[in-house]
Peer 1: 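Structure incoming, see below.
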Amino acid sequence: MLINRFLLNVKNDSLDTKGIIESFMYKTNDSNYLKFQEIYIPFLKRELRKIDIDKISIKTYRQLPTERRTIIDQSVDDKQIYVLFYNDTIFHNVLIEDNRIRSFTTMTFGKNKTFMY
């Protein structure tokens, strides 16, 4: 699965940040999007170094109980959202678009979240 390959490559330094963007991230010429990914991929790399990625489970957003569905981004089809769990806690939400990762970063507003991209 795309998300598993993405996590493995980020954690194992198989590709540098630009290689991760080219291989896995949403294709766009938006320089702000690309700069944002250049900042946040290294943060994800640091997070992944601390954990065993084999213990990450992935669920579709629709598999979550209603009370755990906290994404409020109306422009996103919930069929495109995947939730990564580590030790039964939400680790990251991932938005997939055109078979690429659009975002793995969310911003919290109270109890709700929206994707950043």
Side-chain angles (χ1 to χ4, degrees):
M1 173 179 218
L2 172 68
I3 296 171
N4 293 7
R5 289 191 326 268
F6 170 71
L7 294 173
L8 189 63
N9 278 275
V10 171
K11 180 171 180 152
N12 293 337
D13 292 323
S14 303
L15 298 170
D16 63 9
T17 298
K18 289 190 187 292
I20 295 290
I21 292 169
E22 290 172 14
S23 299
F24 297 100
M25 302 306 293
Y26 183 73
K27 295 278 188 191
T28 182
N29 291 325
D30 181 344
S31 62
N32 290 326
Y33 174 83
L34 296 172
K35 286 177 191 174
F36 187 80
Q37 300 313 318
E38 288 175 359
I39 292 168
Y40 277 94
I41 288 171
F43 282 112
L44 179 61
K45 186 180 296 277
R46 276 180 259 172
E47 285 182 286
L48 291 173
R49 283 189 184 131
K50 300 174 190 174
I51 66 170
D52 178 358
I53 64 172
D54 291 330
K55 293 184 180 179
I56 292 176
S57 62
I58 301 171
K59 293 185 178 185
T60 64
Y61 191 69
R62 290 183 174 186
Q63 288 176 298
L64 297 181
T66 305
E67 64 272 8
R68 294 196 84 178
R69 296 182 192 181
T70 59
I71 303 293
I72 59 170
D73 193 334
Q74 300 297 320
S75 65
V76 173
D77 181 352
D78 66 1
K79 289 186 247 175
Q80 298 173 292
I81 302 171
Y82 293 84
V83 184
L84 310 182
F85 285 87
Y86 184 73
N87 291 335
D88 295 322
T89 301
I90 294 176
F91 177 63
H92 274 277
N93 295 286
V94 178
L95 176 62
I96 304 289
E97 192 171 320
D98 296 329
N99 293 315
R100 310 281 288 187
I101 294 173
R102 177 71 185 254
S103 179
F104 58 87
T105 308
T106 54
M107 179 178 283
T108 303
F109 297 99
K111 294 182 179 181
N112 297 312
K113 298 177 180 182
T114 188
F115 282 101
M116 296 176 60
Y117 49 83

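Keep in mind the model is a prediction, meaning the values are calculated, not measured.
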Peer 1: In Å, rounded to the nearest 0.5 Å, how long is the span from OG1 of T17 to CG of L34?
Peer 2: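 T17 atom OG1 to L34 atom CG measures 12.0 Å (nearest 0.5 Å).
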Peer 1: Apply side-chain contact (heavy atoms from CB on, under 4.5 Å) to residues L44 and Y40 and explain how you reach the verdict.
Peer 2: CA-CA 6 Å; L44 179 61; Y40 277 94; over 6 Å; no
Peer 1: Under the side-chain contact (heavy atoms from CB on, under 4.5 Å) criterion, do F24 and I41 qualify, and how do the steps go?
Peer 2: CA-CA 11 Å; F24 297 100; I41 288 171; over 6 Å; no
Peer 1: Are S23 and N9 packed together at the side-chain level, in the sense that at least one heavy-atom pair is separated by less than 4.5 angstrom?
Peer 2: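 Not touching, per the 4.5 Å side-chain cut-off.
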Peer 1: For I96 and I101, run side-chain contact (heavy atoms from CB on, under 4.5 Å): C-alpha distance rounded to whole Å, both residues' side-chain angles, the deciding distance at 0.1 Å, then the answer.
Peer 2: CA-CA 5 Å; I96 304 289; I101 294 173; 3.8 Å; yes
Peer 1: Side chains of R49 and D13: closer than 4.5 Å at any heavy-atom pair?
Peer 2: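 Yes; the side chains approach each other to less than 4.5 Å.
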Peer 1: Does D16 come within less than 4.0 Å of K45, counting only side-chain N to carboxylate O?
Peer 2: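 So D16 does not pair with K45 through a salt bridge.
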Peer 1: Closest heavy-atom contact between M1 and I58?
Peer 2: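 Scanning both residues, the minimum pair turns out to be SD-CD1, 4.2 Å.
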Peer 1: Can you name the nearest heavy-atom pair linking R68 to I90, along with the distance?
Peer 2: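 Between these two residues, the closest heavy atoms are NH2-CG1, 3.8 Å.
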Peer 1: Between atom OG1 of T114 and atom CG of L95, what is the distance when rounded to the nearest 0.5 Å?
Peer 2: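 Between atom OG1 of T114 and atom CG of L95 there are 9.5 Å.
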Peer 1: Donor-acceptor pair, distance only, cut-off 3.5 Å: does the side chain of D77 make one with the backbone of K79?
Peer 2: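 Checked: pair present.
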Peer 1: Distance from D30 atom CG to K35 atom NZ, nearest 0.5 Å?
Peer 2: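 One gets 9.5 Å once the value is rounded to the nearest 0.5 Å.
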Peer 1: Could you tell me the separation between the NE2 atom of H92 and the CD atom of E47, rounded to the nearest 0.5 Å?
Peer 2: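 That separation rounds to 3.5 Å.
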Peer 1: Would you please indicate if the ring centroids of F36 and Y33 are separated by under 6.0 Å?
Peer 2: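 No, they do not, as the ring centres are separated by 6.0 Å or more.
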Peer 1: If you take all heavy atoms of F115 and N93, which pair is closest and at what distance?
Peer 2: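 Smallest interatomic distance, heavy atoms only, reads CE2-O, 3.6 Å.
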Peer 1: Could you tell me whether a side-chain N or O of Y61 sits under 3.5 Å from a main-chain N or O of I71, the two making a donor and an acceptor?
Peer 2: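 Flag set: sc Y61 to bb I71 pair under 3.5 Å.
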Peer 1: Under 3.5 Å, side chain of R62 to main-chain N/O of D78, donor-acceptor pair present?
Peer 2: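 No; judged by distance alone, with no hydrogens or angles, the pair does not exist.
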Peer 1: Determine the minimum heavy-atom distance between M25 and Q37, stating which atoms define it.
Peer 2: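 Closest approach of M25 to Q37, heavy atoms only: CE-OE1, 3.2 Å.
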Peer 1: Which heavy atom of F43 sits nearest to which heavy atom of I39, and what is that distance?
Peer 2: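 Looking at all heavy atoms of both residues, the closest pair is CD1-O, 3.1 Å.
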Peer 1: When you measure from the side chain of K27 to the backbone of E22, do you find a donor-acceptor pair of N or O atoms at a distance under 3.5 Å?
Peer 2: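 Flag set: sc K27 to bb E22 pair under 3.5 Å.
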Peer 1: Apply the test salt bridge (Lys or Arg N to Asp or Glu O under 4.0 Å) to residues D52 and K11: give CA-CA distance (whole Å), side-chain angles for both, the deciding distance (0.1 Å), then the verdict.
Peer 2: CA-CA 10 Å; D52 178 358; K11 180 171 180 152; 5.8 Å; no
Peer 1: F109 pairs by side-chain contact (heavy atoms from CB on, under 4.5 Å) with which of K111, K113, M107?
Peer 2: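 Option passing the side-chain contact (heavy atoms from CB on, under 4.5 Å) with F109: M107.
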Peer 1: Do L8 and S14 have side-chain heavy atoms sitting under 4.5 Å apart?
Peer 2: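 No; the side chains remain at least 4.5 Å from each other.
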Peer 1: Return the CD to CD1 distance between Q63 and I81, rounded to the nearest 0.5 Å.
Peer 2: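 The CD atom of Q63 sits 13.0 Å away from the CD1 atom of I81.
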Peer 1: Can you tell me how the ring of F104 sits relative to the ring of F6, calling it parallel under 30°, perpendicular over 60° and tilted otherwise?
Peer 2: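 The rings of F104 and F6 sit tilted, inter-plane angle from 30° to 60°.
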Peer 1: N99 and L2: which non-hydrogen atoms are nearest, and at how many Å?
Peer 2: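 Looks like O-CD2, 3.6 Å.
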Peer 1: Please step through side-chain contact (heavy atoms from CB on, under 4.5 Å) for the pair L48 and I56, ending with a clear verdict.
Peer 2: CA-CA 10 Å; L48 291 173; I56 292 176; 4.2 Å; yes
